[in-house]
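The sequence lines fix the lettering, A, B, ..., with proteins before strands; numbering per chain opens at 1.
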Amino acid sequence: MHSNYQKIYAVVALIPAGTVATYGQVAALAGLPGHARQVGYALHATPRDVQIPWQRVINARGEISRRSDPVFGDLQRRLLEAEGVVFDEKGRVDLRRFRWHP
DNA sequence: GCAGTGACTAGTA
DNA sequence: ATACTAGCCACTG
């Protein structure tokens, strides 16, 4: 397991319920500025035994990023809504309201 | 080693 | 406001 993945997982684990963080934000907090794409890749490759709130990481536009299997996007939105995160009519989150401020 | 890929982003039009 | 672009960089075959 790559240590950078562990750093990313550690940061994601800190995001409180009801808030979200962007890929770039997670990368920067993990000490890996400019590695936003790797955050997405790391989450995609998260082992089942590593349990982290992956649903709280969204893109810089406040929306859930498209992936190969859309079913995970639907799951992500439902998980966030269950935590109190509100989506607008275009499926976007107001980052001014819900972004995590560590 | 090289080329393709992707849960990204900031800039430009 | 949306659409496209270039830059990004670890992973994979």
Side-chain angles (χ1 to χ4, degrees):
Chain A
M1 178 58 68
H2 199 285
S3 65
N4 283 354
Y5 279 27
Q6 298 296 339
K7 293 178 184 176
I8 292 168
Y9 296 149
V11 171
V12 173
L14 297 177
I15 308 171
T19 70
V20 297
T22 68
Y23 296 96
Q25 182 181 6
V26 171
L29 290 170
L32 303 166
H35 291 227
R37 301 194 76 147
Q38 284 314 112
V39 173
Y41 197 98
L43 292 178
H44 185 276
T46 303
R48 293 185 179 280
D49 60 337
V50 177
Q51 299 200 0
I52 54 176
W54 56 269
Q55 72 274 19
R56 294 174 195 152
V57 183
I58 63 179
N59 67 30
R61 301 184 332 196
E63 54 193 12
I64 293 172
S65 296
R66 302 286 307 266
R67 53 260 261 167
S68 52
D69 190 345
V71 69
F72 289 105
D74 296 336
L75 171 61
Q76 182 170 13
R77 174 163 178 161
R78 284 191 286 103
L79 288 171
L80 288 175
E81 288 177 331
E83 298 179 350
V85 176
V86 179
F87 288 79
D88 66 16
E89 63 283 352
K90 295 176 181 175
R92 289 202 289 241
V93 173
D94 186 346
L95 290 177
R96 293 176 303 177
R97 285 180 54 195
F98 296 104
R99 191 207 281 270
W100 172 40
H101 297 293

Return the value, rounded to whole Å, for the distance between atom CG of A:Leu32 and atom P of B:dT9.
14 Å

DNA chain C contacts made by residues 72-92 of chain A, counting heavy atoms under 4.0 Å:
A:Lys90, A:Arg92

Taking A:Glu83 for the side chain and A:Gly18 for the main chain, is one N or O donor matched with an acceptor at less than 3.5 Å?
yes

Would you kindly give the OH-to-P distance between A:Tyr9 and B:dA7, to the nearest whole Å?
14 Å

Considering the options A:Val50, A:Leu29, A:Val57, which one meets the side-chain contact (heavy atoms from CB on, under 4.5 Å) requirement together with A:Val12?
A:Val57

What is the separation between atom CZ on A:Arg66 and atom P on C:dA3, rounded to the nearest whole Å?
13 Å

Would you mind telling me which residue lines up with the more 5' stretch of DNA chain C, A:Tyr41 or A:Arg37, judged by nearest nucleotide?
A:Arg37

Kindly state which residues belonging to residues 16-29 of chain A come within less than 4.0 angstrom of DNA chain B, counting heavy atoms of the residue only, listed by number.
A:Thr22, A:Tyr23, A:Gly24

Residue of the set A:Leu43, A:Ile15, A:Leu14 for which side-chain contact (heavy atoms from CB on, under 4.5 Å) holds with A:Ile52
A:Leu43

List the atom of A:Ser65, the atom of A:Tyr23, and the distance in Å for their closest heavy-atom pair.
OG-CE1, 3.6 Å

side-chain hydrogen bond (donor to acceptor under 3.5 Å, both in side chains) between A:Arg99 and A:Gln25: does it pass, once the steps are laid out?
CA-CA 10 Å; A:Arg99 191 207 281 270; A:Gln25 182 181 6; 3.0 Å; yes

Checking all strands, does A:His44 fall into the base, sugar-phosphate, or nothing category for heavy-atom contacts under 4.0 angstrom?
base

Tell me, which of residues 52-59 of chain A have any heavy atom that sits under 4.0 Å from an atom in DNA chain B?
A:Trp54, A:Asn59

Going by the rule side-chain contact (heavy atoms from CB on, under 4.5 Å), which residues pair with A:Tyr41 if we only count those two or more places apart in sequence or in a different chain?
A:Tyr5, A:Gln38

Table of protein N/O atoms under 3.5 Å from nucleotides 4-6 of chain C N/O atoms:
none

Are any protein N/O atoms closer than 3.5 Å to N/O atoms in nucleotides 11-13 of chain B? If there are, list each pair with its distance.
none

From CD of A:Gln38 over to P of B:dA7, roughly how many Å is that when rounded to an integer?
12 Å

NE2 of A:His35 versus P of C:dC8: gap in Å, rounded?
11 Å

Hey, are A:Asp94 and A:Arg96 close enough for a salt bridge, meaning a charged N less than 4.0 Å from a carboxylate O?
yes

For the pair made of OH in A:Tyr5 and C1' in C:dT12, what is the distance, rounded to whole Å?
10 Å

